[in-house]
Structure formats: structure tokens, C-alpha cells
Amino acid sequence: MASEVNVDEFALIRRYFHGLTPTAADVRLGIGDDCALMSVPSGFELAVSTDTLVAGRHFPLSTPAYDIGWKSLAVNLSDLAAMGATPRWFTLALSLQHADDQWLAQFSAGMRELALMHDTVLVGGDTTRGPLNINITVMGLVPDTQALRRSGARIGDLICVTGSLGDAALALRLMQQDQAEPDETLRTRLDRPQPRVRAGLAMRGLASAAIDLSDGLAGDLLHLLGASGVGAVIHTADLPTSAAFQRSCRPSERLALQHAGGDDYELCGCLPP
Ligand code: ADP
Ligand code: MG
């Protein structure tokens with residue numbers, strides 16, 4: 001067998017991804033041709049973002065296939081949420097060592113569940129042999145000029161986040177450094193982040209700037225501040241903290257995990273008081 005996936009494997013993969021999500025009126029042509037064709041309604045802008053997940057880098061190797069499918073789409077939808085865009089379509093470029101039937105069934109089920117929750121259609125992709133690597137491109141719609149950019153924050157704005165911080169980073173720390181099993185709540189925050197799509201839509205017209213938190217509040221907020229040309233003061237005692245985090249976190253590690261841990265996938269928005 002050459003380095004390309006063979007015919008049987010293509011058949012396998014088609015089975016999982018063709019029809020993964022129900023089609024929609026705005027998809028003129030879905031999986032099966034050289035390109036997908038979608039219609040963008042007038043009065044809207046097309047929001048596009050892409051993110052790659054590398055096994056062992058962006059998720060622990062022990063992550064269940066279902067959760068890998070979920071998380072790959074979730075981190076991409078989070079970018080649309082941060083723009084205030086409504087998710088519509090996505091493509092999936094998948095690099096796999098083997099076309100393992102059970103793995104694909106679980107992976108696609110996790111991806112499908114989240115796609116259905118957000119009414120998002122898989123319209124195409126690519127499949128190659130190689131180390132496990134998942135690249136998704138998401139596309140969404142936002143009414144003309146209403147997208148939430150990073151650059152609009154103003155002096156006097158409040159800095160708001162949509163949920164507790166540090167849970168996913170704590171789960172990863174417990175697993176990797178303590179070889180401990182984090183409690184269910186923390187593990188779910190790491191493996192199945194909930195993209196804050198509804199919050200992003202609600203912030204349209206209210207927030208002056210927004211960003212999603214993938215690398216940790218400190219770093220991501222700096223991107224927003226840099227784009228806006230303003231500074232900020234953070235009262236670290238006020239960072240939203242979950243009960244599960246409080247139960248399992250050593251006090252000396254709290255701040256590092258909450259402001260620089262990463263994988264929160266909450267939105268950070270700046271709003272006039
Ligand atoms: P091409 O050689 O023209 O790139 P492919 O054989 O790679 O075509 O793909 C055939 C069709 O299957 C295309 O419509 C493509 O979008 C779709 N496809 C391939 N791999 C995937 C995947 N992992 N997820 C979704 N669609 C896929
Ligand atoms: Mg191809």
C-alpha cells in the first residue's frame with residue numbers, strides 16, 4: 001500500500017462523513033464534487049476560521065475518539081462565536097494512521113452531536129494517511145458590519161467572560177503531572193468544551209470587542225488590548241471559578257491555571273458599563 005489511503009479506506013470514510021449532518025437549503029452542493037457550493041444571503045458577511053488539532057499536542061493521546069470529534073469542531077465554533085457569527089458550514093481535513101472502523105464511528109458521532117446542536121453542515125473535506133491530525137474550517141454568517149472584532153475596546157469598558165476559567169487546564173495538570181484522574185466536571189471541560197455561540201450572538205451590538213479564550217485569559221486578552229490600543233486592570237480574585245476547580249486546585253496554582261492555563265473556550269468581551 002502506498003502512502004495514499006486505498007480504495008476500501010475511502011469507502012469507509014465516505015460512509016462516515018457523507019451524510020454526517022442533514023443538508024440545508026443554503027447548501028447547493030455538498031460532499032462529493034470538487035468543491036461544495038453554498039449561498040451567502042445578501043446583507044451578510046461570511047466569517048471563516050480554521051484550526052488544527054494535533055494528537056498529543058492539542059489533546060492527550062488518551063482522549064476518547066468521541067471527544068476528539070467533539071473538541072475539533074468545538075474549538076472552531078468558538079472562533080465563530082467570538083465574532084458573533086452564526087455557524088453554518090464546515091469542512092474536515094483528516095490525517096489518520098489507519099481507517100479504524102470503531103475509532104471513526106466514535107469520532108464522527110462526537111462531531112455529529114455538536115454539529116447538530118449548532119445546525120451546522122459538513123460540506124466537504126480531505127482524507128490522507130499520516131499522524132492523527134484534524135483540521136476543520138468553519139464558516140458562519142454575520143449581518144453586515146455587526147461582527148465582533150478584537151479592535152473596538154474602549155477605556156472604561158468592563159471585561160467580561162462567559163464562564164469559569166481554569167477548569168480544563170486543571171484537568172490536564174492533574175492528568176499529566178499527578179497521573180490523577182480529574183473529576184468528571186473538569187474532564188468534560190477539557191474534552192468537550194461548549195462553544196459559546198449563543199453568548200456571541202447576544203453580544204452583537206453590545207460588546208465593543210470580543211475574543212475567545214483558547215490560550216488563557218492573560219495572553220488572549222493581550223491580543224484584544226493590542227488590537228484596541230488600550231490597557232486593562234484585572235482583579236484576579238474576581239475571576240469566575242467553578243466549585244470543581246476550588247475542590248481540586250492547590251491554592252498556589254490557582255492563578256497560573258486561571259489566567260494562563262488555556263483551553264477555556266469561554267468568550268471574553270469588553271462592554272460599556
Ligand atoms: P479530490 O481528489 O477532488 O480532492 P477527494 O477524493 O479528496 O476529492 O474527496 C471526494 C469528496 O469527498 C469531496 O467532495 C470531498 O470534499 C469529500 N471528502 C473527502 N474527505 C472528507 C472528509 N474527511 N470529510 C468530509 N468530506 C470529505
Ligand atoms: Mg481531496
Side-chain angles (χ1 to χ4, degrees), residues 1-41 46-61 63-81 85-141 191-193 195 197 214 265:
M1 198 159 17
S3 62
E4 286 298 305
V5 224
N6 70 22
V7 172
D8 287 340
E9 287 181 310
F10 266 120
L12 231 184
I13 291 162
R14 247 202 317 276
R15 195 165 90 224
Y16 283 113
F17 297 114
H18 204 118
L20 182 86
T21 50
T23 192
D26 56 12
V27 179
R28 300 278 166 78
L29 187 62
I31 292 175
D33 211 313
D34 296 314
C35 290
L37 300 172
M38 289 85 73
S39 59
V40 177
L46 179 66
V48 180
S49 181
T50 194
D51 253 320
T52 300
L53 284 86
V54 176
R57 269 267 297 289
H58 299 100
F59 52 87
L61 294 172
T63 309
Y66 189 97
D67 294 347
I68 298 172
W70 174 290
K71 186 169 184 172
S72 305
L73 182 57
V75 306
N76 277 280
L77 292 178
S78 179
D79 283 314
L80 288 181
T86 302
R88 289 305 307 133
W89 316 293
F90 68 105
T91 60
L92 166 67
L94 190 57
S95 164
L96 285 173
Q97 297 280 16
H98 319 281
D100 178 308
D101 201 43
Q102 245 188 326
W103 190 92
L104 279 166
Q106 287 299 307
F107 172 82
S108 58
M111 185 167 286
R112 179 170 192 274
E113 185 185 352
L114 187 63
L116 293 180
M117 281 173 68
H118 292 282
D119 206 14
T120 304
V121 186
L122 178 63
V123 294
D126 191 33
T127 313
T128 52
R129 182 186 300 284
L132 179 58
N133 179 304
I134 302 120
N135 173 268
I136 288 182
T137 298
V138 283
M139 289 155 272
L141 297 172
D191 288 346
R192 290 194 210 173
V197 171
S214 51
Y265 298 105

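Nothing fancy with the numbering, it's 1 onward along the sequence. As the structure lists them, so they are numbered: ligands from 1, and atoms in each ligand from 1.
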Only pairs under 3.5 Å count here: list side-chain donor-acceptor contacts from residues 27-35, not counting sequence neighbours, and write none if there are none.
unit_1 : atom_1 : unit_2 : atom_2 : d
Arg28  : NH2    : Ser39  : OG     : 3.4

Would you check if [X] and [Y] make a side-chain contact, meaning some heavy-atom pair closer than 4.5 Å?
X     : Y      : answer
Leu94 : Phe17  : yes
Pro64 : Asp191 : yes
Thr63 : Trp70  : no

Could you list the donor-acceptor pairs under 3.5 angstrom formed between side-chain atoms of residues 110-123 and any protein atom two or more places apart in sequence or on another chain?
unit_1 : atom_1 : unit_2 : atom_2 : d
Arg112 : NE     : Leu20  : O      : 2.8
Glu113 : OE1    : Tyr66  : OH     : 2.1
Thr120 : OG1    : His118 : O      : 2.9

| task | Give the single entry among Ile136, Thr91, Ile31 that approaches atom 17 (C) of ligand 1 most closely by any heavy atom. | result | Ile31
| note | Closest to atom 22 (C) of ligand 1 by heavy-atom distance, out of Leu92, Asn135, Val123, is Leu92
| said: Testing the 3.5 Å rule here: is there a donor-acceptor pair between the side chains of Asn133 and Ser95? | reply: no
| So, Ser49 versus Asn76: side-chain donor-acceptor pair below 3.5 Å or not? | no
By number and element, which atoms of ligand 1 are closer than 4.0 Å to a non-hydrogen atom of [X]?
X      : value
Asp33  : 13 (C), 14 (O)
Gly32  : 11 (C), 13 (C), 14 (O)
Asp34  : 3 (O)
Gly124 : 16 (O), 24 (N), 25 (C), 26 (N), 27 (C)
Phe17  : 23 (N), 24 (N), 25 (C)

| Can you find an N or O of Gly125 that's nearer than 3.5 Å to an N or O of ligand 1? | yes
| task | State whether the shortest distance between N or O atoms of Gly30 and N or O atoms of ligand 1 falls below 3.5 angstrom. | result | no
